[in-house]
Each structure stands twice: as C-alpha cells, then as structure tokens.
Enquirer: 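Dropping the structure in here first, questions after.
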Amino acid sequence: MHTLNAENHRMDSWANTLMSRLGIRLISASPQNVLAEMPIAGNTQPQGYLHGGASAALAETVASHAAQLHAHSLYGEAAIAVGVELSISHVSPGRGDWVRACATAVHLGKSSTVHTVTITDEHDQTLAVARVSNRVLHN
C-alpha cells in the first residue's frame with residue numbers, strides 16, 4: 001500500500017528510490033490526475049538549467065503513480081503498473097526553485113493506461129510536455 005507521509009508529502013514507499021533522491025513530493029493523486037512538485041536545485045545540468053532526464057523521471061513518476069492507483073482500483077493491491085513508453089518534448093529551459101508536474105489520464109483500460117503530463121515552473125510557464133504509457137499487470 002502506498003501511503004502519503006503528511007509531514008513531507010513524500011510517499012513512504014519511495015524511501016531510497018529515485019523519486020526520493022530527486023525530491024519529488026506528491027500534492028494530490030488519483031487514477032485520473034496526479035500532481036507533484038520537484039526542486040530544481042540538485043536536478044540541473046552543469047549550466048544550471050533543469051536536467052531533461054530529471055524532467056523525464058518526474059513525468060514518468062506522476063503518470064506511473066496514477067497508473068498504479070488505477071491498477072489497484074481494478075485488481076487490488078497486488079496489481080502493479082509498469083512504464084512501457086515515454087515521449088517528452090522540452091519546450092523551455094527550467095530555472096528557479098521548483099517545477100510542478102500534472103498527469104492527466106487519456107486512457108484507463110484493463111491492461112494499459114496513457115497519461116499526458118505537463119511540467120511547469122513556479123511562474124506557470126510550460127517547460128515540458130510528455131506522454132506516458134503503462135502496462136497493468138495482475139494475477
């Protein structure tokens with residue numbers, strides 16, 4: 001079971017994972033929409049801009065978390081969702097303090113999900129747009 005640690009808005013199950021290392025914090029979560037934040041500090045290129053790989057990891061994290069919630073709603077806590085495709089377009093460089101990612105469901109099926117993800121900065125400027133597909137696995 002994934003539980004939200006209310007004090008720091010990090011998932012308890014994310015301890016010692018990439019999500020924890022990147023500093024990703026969940027704001028809200030459902031199969032249809034997941035909203036999360038990530039600091040830019042520590043997630044940059046040498047030039048000081050947000051690293052594209054960090055943006056991609058954030059996009060896959062929010063979409064996969066939504067897919068996981070969908071899998072649980074269909075098949076129970078033993079079901080899992082695994083990423084099978086990620087496509088991301090970086091449209092503006094990221095600088096500042098933090099970025100926010102919003103995953104929105106396009107398709108919630110019995111064996112797959114598709115979410116679009118928009119990543120914005122603290123000024124609500126779009127930095128990246130992604131599409132993430134997940135496979136739902138269950139016994």
Side-chain angles (χ1 to χ4, degrees):
M1 174 78 172
H2 296 288
T3 57
L4 185 62
N5 181 322
E7 287 187 19
N8 61 15
H9 300 283
R10 289 190 173 87
M11 298 296 294
D12 288 340
S13 61
W14 288 1
N16 301 313
T17 66
L18 179 64
M19 289 76 74
S20 177
R21 285 180 194 75
L22 294 174
I24 298 173
R25 298 176 346 123
L26 279 178
I27 297 168
S28 62
S30 74
Q32 295 78 22
N33 295 96
V34 170
L35 184 62
E37 289 180 338
M38 180 180 74
I40 291 178
N43 294 315
T44 63
Q45 304 171 340
Q47 298 81 10
Y49 293 106
L50 178 65
H51 193 289
S55 295
L58 176 60
E60 185 155 348
T61 296
V62 294
S64 295
H65 187 69
Q68 184 77 21
L69 294 173
H70 175 66
H72 289 172
S73 73
L74 291 177
Y75 304 110
E77 294 295 316
I80 62 169
V82 295
V84 294
E85 183 179 19
L86 166 65
S87 172
I88 187 165
S89 297
H90 305 284
V91 297
S92 184
R95 289 196 89 131
D97 294 326
W98 55 267
V99 292
R100 183 171 278 182
C102 181
T104 303
V106 175
H107 168 73
L108 295 174
K110 292 182 179 182
S111 62
S112 67
T113 65
V114 177
H115 288 81
T116 57
V117 180
T118 303
I119 299 175
T120 57
D121 65 13
E122 62 242 42
H123 306 292
D124 209 28
Q125 179 179 353
T126 299
L127 304 180
V129 179
R131 187 189 75 229
V132 182
S133 299
N134 278 273
R135 178 74 52 218
V136 174
L137 304 175
H138 63 94
N139 288 330

Enquirer: Treating Gln68 as the side-chain partner and Ala79 as the backbone partner, does any N or O pair qualify as donor plus acceptor under 3.5 Å?
Expert: yes
Enquirer: I need the minimum non-hydrogen distance between Asn134 and Gly83, along with the two atoms involved.
Expert: OD1-N, 3.1 Å
Enquirer: Determine, using the 4.5 Å side-chain heavy-atom cutoff (strictly less than), whether Val129 and Leu35 are members of one ILVMFWY cluster.
Expert: no
Enquirer: Checking Arg131 now: which residues fulfil salt bridge (Lys or Arg N to Asp or Glu O under 4.0 Å) with it, not counting sequence neighbours?
Expert: Glu85
Enquirer: To the nearest 0.5 angstrom, please state how far the CG atom of Leu26 sits from the CE atom of Met19.
Expert: 9.5 Å
Enquirer: Is the shortest side-chain heavy-atom distance between Leu50 and Val99 below 4.5 Å?
Expert: yes
Enquirer: Side chains of Leu58 and Ile24: closer than 4.5 Å at any heavy-atom pair?
Expert: yes
Enquirer: Is the shortest heavy-atom distance from the side chain of Arg135 to the side chain of Val84 under 4.5 Å?
Expert: yes
Enquirer: Could you list the residues that satisfy side chain to side chain contact (heavy atoms under 4.5 Å, CB included) with Asp121, not counting sequence neighbours?
Expert: His123, Gln125, Leu127
Enquirer: Taking the side chain as every heavy atom from C-beta outward, state whether Met38 and Thr61 have any atom pair closer than 4.5 Å.
Expert: no
Enquirer: Would you sort out whether Val106 and His115 count as a side-chain contact (heavy atoms from CB on, under 4.5 Å), showing the intermediate values?
Expert: CA-CA 5 Å; Val106 175; His115 288 81; 5.9 Å; no
Enquirer: So Ile80 and Val82, do their side chains get closer than 4.5 Å, heavy atoms only?
Expert: yes
Enquirer: His70 side chain to Gly109 main-chain N or O, any donor-acceptor pair under 3.5 Å?
Expert: yes
Enquirer: Backbone N or O of Ala128 within a donor-acceptor pair of the Thr126 side chain at under 3.5 Å?
Expert: no
Enquirer: Is there a side-chain contact between Tyr49 and Thr44, using heavy atoms and a 4.5 Å cut-off?
Expert: no
Enquirer: Hey, what's the ring geometry for His65 with Trp14, parallel, tilted or perpendicular (30° and 60° as the breaks)?
Expert: perpendicular
Enquirer: Measuring only between side-chain heavy atoms, which start at C-beta, is Leu74 closer than 4.5 Å to His138?
Expert: no
Enquirer: For Gly96 versus Glu122, what's the shortest heavy-atom pair and its separation?
Expert: CA-OE2, 3.8 Å
Enquirer: What distance do Cys102 atom SG and Ile119 atom CD1 have between them, rounded to the nearest 0.5 Å?
Expert: 11.0 Å
Enquirer: With a 4.5 Å limit on heavy-atom distance, are the side chains of Ser55 and Ile88 in contact?
Expert: yes
Enquirer: Are Leu137 and Leu69 connected in a single hydrophobic cluster, I mean Ile/Leu/Val/Met/Phe/Trp/Tyr linked by side-chain heavy atoms less than 4.5 Å apart?
Expert: no
Enquirer: Taking only residues at least two apart or on different chains, which pairs with a member in residues 93-106 satisfy side chain to side chain donor-acceptor pair (under 3.5 Å)?
Expert: Asn33-Thr104, Glu37-Arg100
Enquirer: Taking all heavy atoms of Thr17 and all of Ser13, pick out the closest pair and write down the distance.
Expert: CG2-O, 4.0 Å
Enquirer: Could you state whether Leu22 and Ile40 fall into the same hydrophobic cluster, counting links through intermediate Ile, Leu, Val, Met, Phe, Trp or Tyr residues with side-chain heavy atoms under 4.5 angstrom apart?
Expert: yes
Enquirer: What closest approach, in Å, do Ala59 and Val117 show between heavy atoms, and which atom pair accounts for it?
Expert: O-CG2, 3.7 Å
Enquirer: Which heavy atom in Gly23 sits nearest to a heavy atom in Pro39, and how many Å separate them?
Expert: O-CD, 3.3 Å
